[in-house]
Asker: 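Sharing a structure here in structure tokens format.
Naming convention: chains lettered A, B, ... in sequence-line order (proteins, then strands); numbering from 1 in each chain. Every heavy atom of this structure was used, including side-chain atoms; hydrogens, water molecules and symmetry mates were not.
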2 protein chains.
Amino acid sequence: MVTIRDVASRAGVSPATVSRVVNGLVGYSDETKVRVEEAVAALHYEPDTFARGLKMKQSSVIGVLAPMVSDALASQVMSGVEHAAREGGYSVMLGRTGQGSTFAPGYLRTLRTYRSAGVILISAAITPEMRRVLGSNVPLISVAIRDGIRFPSIGIDDERAAYDGTKHLLALGHERIGLLAGDPQSTLVNAVRERGYRRAMAEAGRPAVLEQGNSLYDSAPPALHRLLATDPHLTAVFALSDEMGAAVVNELQRIGRRVPHDISVLGFDNTRTATHVYPALSTIAQPLERMGELAVERLLSLTDPGQKVMPHRLITRGTTAPPLSSH
Amino acid sequence: MVTIRDVASRAGVSPATVSRVVNGLVGYSDETKVRVEEAVAALHYEPDTFARGLKMKQSSVIGVLAPMVSDALASQVMSGVEHAAREGGYSVMLGRTGQGSTFAPGYLRTLRTYRSAGVILISAAITPEMRRVLGSNVPLISVAIRDGIRFPSIGIDDERAAYDGTKHLLALGHERIGLLAGDPQSTLVNAVRERGYRRAMAEAGRPAVLEQGNSLYDSAPPALHRLLATDPHLTAVFALSDEMGAAVVNELQRIGRRVPHDISVLGFDNTRTATHVYPALSTIAQPLERMGELAVERLLSLTDPGQKVMPHRLITRGTTAPPLSSH
DNA sequence: TTGTAAGCGTTATCAG
DNA sequence: CTGATAACGCTTACAA
């Protein structure tokens with residue numbers, strides 16, 4: 001292993017000087033800088049992470065905690081995170097957490113011992129428990145979820161997004177729109193979206209009809225059937241995740257209902273899943289990658305990351321159309 | 001920060017003794033063990049990763065390099081990796097590499113500087129370049145790919161699996177079976193699977209008809225149309241990835257061909273994607289999670305990881321049936 | 001069974 | 001502008 005002393009002796013300077021030029025500090029002549037750099041290059045010197053970590057009080061790893069649920073969403077956020085992290089010379093350590101956050105404490109502990117520069121939570125709220133095990137030195141931020149008050153986060157206005165989505169369906173002429181809600185425990189995302197739907201329906205003077213899924217594919221078919229049982233004349237269903245939306249499209253197909261002729265379907269998030277069904281799913285887009293980038297930027301900016309609301313966008317593809325009855 | 005000296009003085013012993021009990025070494029009385037453990041617990045002592053890493057020559061991170069391509073596959077392997085790693089007290093650092101492996105060298109460098117205990121490559125072959133940047137101390141293993149000779153790997157017998165898949169279609173009565181191949185550059189997976197298909201077709205005295213995709217969803221529809229242009233009477237298509245298989249099912253639907261009545265479709269890998277289309281995709285399963293677990297076990301076993309061939313399995317779901325003409 | 005002390009490779013302080 | 005030197009927290013001979 002080549003150490004800073006090797007570089008120093010080859011360049012004919014002291015280790016301290018090497019450290020200075022390597023870290024871009026001030027206090028050396030141009031000439032020594034050149035000599036040191038030559039030596040560094042010649043010897044392929046790389047500072048030792050552990051020695052450095054021991055001295056300094058933090059490392060350059062950023063932790064990301066992603067739920068195994070909604071892989072596609074997390075994956076897109078990750079792209080952004082990774083990009084921004086790499087740009088800033090940071091490495092990303094990803095932990096996937098289970099349904100009941102089984103692994104989260106373990107990961108957080110690891111991240112703390114690695115003196116992580118910060119951690120990003122995807123689609124998960126920051127809990128006091130998390131704050132506690134992480135210690136107070138490590139900044140924390142949530143992505144794709146937010147409550148607008150308590151913790152640093154980057155997300156969209158979920159209430160408004162769901163409101164807009166419902167409005168779109170209403171504008172198309174639909175009057176009976178069912179909502180396929182997500183896990184009700186997710187009060188910060190699903191409950192909020194649900195509110196947006198209810199508001200739009202109420203404004204239109206239409207009754208809300210909804211059933212709970214859990215955001216995942218498999219939860220959608222049964223929920224869809226409950227929805228249809230409640231109102232067999234539904235002409236549109238708004239699913240609060242693309243996975244559920246895709247499942248609805250497929251299930252409708254299976255039971256012989258044509259999409260979008262008989263029933264329109266609208267998804268949520270605009271993950272890759274939305275384009276992996278036929279017809280491709282109309283959905284509400286969140287700027288997932290950008291949110292990931294922003295998360296690392298804010299995390300590293302040292303100032304309080306605060307809350308950031310990103311714009312959402314309606315994307316119409318093949319699953320939304322006016323209802324048959326509107327002709 | 002609480003250090004080993006704090007624990008030592010509280011327990012009334014030396015730092016060396018604390019180190020010994022913390023690391024489960026020998027050489028202390030039961031009584032001191034108890035005292036030290038009490039002190040550790042009372043002070044919430046945690047050994048400093050960096051100080052330890054500086055002394056010892058390796059850390060307990062396992063690196064995983066996954067292609068952004070085929071997220072679903074990587075995700076399943078990751079589950080296994082994570083599980084086994086956690087079991088052994090290791091942390092997992094995930095790096096996603098681009099199409100042209102853009103990030104791979106950077107990640108590998110990071111992993112080396114973190115003195116990673118080993119790195120796992122998902123669906124990627126170990127190149128001399130990788131070996132070089134990683135240094136010779138870090139063990140490396142590939143998962144879901146193998147060439148059976150040169151590098152440590154865990155995978156299935158791709159030739160045989162593709163052969164079996166083709167045989168299945170043949171046994172159903174199909175005679176005109178098109179192959180939707182993957183990236184031809186992937187000589188270790190796609191080229192091998194292609195060989196299996198060719199062998200089965202040759203044995204059946206049927207002509208091979210194939211087109212290249214790149215394993216991803218979007219590459220499939222155009223390739224499917226080329227396939228259909230070559231032989232409009234195809235009654236089955238075998239796609240060498242579930243994403244392509246799903247795309248074929250959807251595209252067939254779009255152009256008005258019924259699956260499986262008019263055309264059967266068989267996928268490959270048995271990722272979650274296979275169940276996210278309607279009808280659900282019949283496919284060849286690889287024990288992805290198990291492969292991930294095994295990868296870490298072998299990586300950490302210190303002996304040469306060697307090559308391991310896992311069993312594959314045909315899973316018939318809704319997209320394969322006898323051809324119409326067989327009645 | 002236990003303690004002392006010498007590093008591991010860096011960075012930071014303080015002289016020069 | 002540069003060089004000694006003292007930590008950082010831990011492990012491990014080597015002594016006792």
Asker: Whole angstroms only, please: what is the CE-P distance between A:Met1 and C:dG7?
Answerer: 18 Å
Asker: Are B:Asp48 and A:Thr113 packed together at the side-chain level, in the sense that at least one heavy-atom pair is separated by less than 4.5 angstrom?
Answerer: no
Asker: Strictly below 4.0 Å, N to O, side chains only: are B:Arg112 and A:Glu46 in salt-bridge contact?
Answerer: yes
Asker: Is the shortest side-chain heavy-atom distance between A:Glu293 and A:His83 below 4.5 Å?
Answerer: yes
Asker: Between P on C:dT10 and CG on A:Asn23, what's the gap in Å once rounded to a whole number?
Answerer: 10 Å
Asker: Let me know the distance between CG of A:Asp48 and C1' of C:dC8, rounded to the nearest Å.
Answerer: 8 Å
Asker: Using whole Å, report how far NZ of B:Lys55 lies from P of C:dT10.
Answerer: 15 Å
Asker: Kindly give the heavy-atom pair with the smallest separation between A:Ile156 and A:Pro311, and that separation in Å.
Answerer: CG2-O, 4.1 Å
Asker: Taking all non-hydrogen atoms of both residues, which atom of B:Ser153 and which atom of B:Ile145 are closest, and how far apart?
Answerer: CB-O, 3.4 Å
Asker: I need the CZ-C1' distance between A:Arg5 and C:dC8, as an integer number of Å.
Answerer: 11 Å
Asker: Five pairs at each end of the helix from C:dT1-D:dA16 to C:dG16-D:dC1: take the axis at both ends and give me the angle between them to 10°.
Answerer: 40°
Asker: Name all residues meeting the salt bridge (charged side-chain N to carboxylate O under 4.0 Å, His left out) criterion together with B:Glu87; count only those two or more places apart in sequence or in a different chain, and write none if there are none.
Answerer: none
Asker: Please give, in whole Å, the distance from C:dT11 P to A:Leu54 CG?
Answerer: 11 Å
Asker: Listed by chain and number, what are the side-chain hydrogen bond (donor to acceptor under 3.5 Å, both in side chains) partners of B:Ser60, not counting sequence neighbours?
Answerer: none
Asker: So, B:Arg131 side chain and B:Gly135 main chain: donor-acceptor pair closer than 3.5 Å or not?
Answerer: yes
Asker: Examine distances only and state if a side-chain atom of B:Arg115 and a backbone atom of B:Gln58 form a donor-acceptor pair shorter than 3.5 Å.
Answerer: no
Asker: Rounded to whole Å, please give me the gap between CD in A:Gln58 and P in C:dT11.
Answerer: 14 Å
Asker: Give a yes or no on whether the backbone of A:Phe151 and the side-chain of A:Gln307 come within a donor-acceptor separation of less than 3.5 Å.
Answerer: yes
Asker: Which heavy atom of B:Thr3 sits nearest to which heavy atom of B:Tyr45, and what is that distance?
Answerer: C-CE1, 3.6 Å
Asker: Quickly work out the B:Met56 CE to C:dG7 C1' distance and round it to whole Å.
Answerer: 15 Å
Asker: Between B:Leu25 and B:Phe50, just flag the one whose closest nucleotide in DNA chain D comes earlier from the 5' side.
Answerer: B:Phe50
Asker: Using atom names, set out every protein N or O paired with an N or O of nucleotides 3-5 of chain C below 3.5 Å, distance rounded to 0.1 Å.
Answerer:
from, atom 1, to, atom 2, distance (Å)
C:dG3, OP2, B:Ser14, N, 2.7
C:dG3, OP2, B:Ser14, OG, 3.2
C:dG3, OP2, B:Thr17, OG1, 2.9
C:dG3, N7, B:Arg20, NH2, 2.7
C:dG3, O6, B:Arg20, NH1, 3.2
C:dG3, O6, B:Arg20, NH2, 3.4

Asker: Could you tell me if A:Arg86 sits above the aromatic ring of B:Tyr107, with its cationic atom closer than 6.0 Å to the ring centre and no more than 45 degrees from the axis?
Answerer: yes
Asker: Work out which heavy atom in B:Pro287 is nearest to a heavy atom in B:Met310; give both atom names and the distance.
Answerer: CG-CB, 3.8 Å
Asker: What are the bounds, 5' to 3', of the part of DNA chain D that sits under 4.0 Å from heavy atoms of chain A?
Answerer: D:dC1 to D:dG9
Asker: When you measure from the side chain of A:Asn23 to the backbone N and O of A:Arg20, does any donor-acceptor pair fall under 3.5 Å?
Answerer: no
Asker: Of the residues in residues 28-46 of chain A, which ones touch DNA chain D at a heavy-atom distance under 4.0 Å?
Answerer: A:Tyr28, A:Ser29, A:Thr32
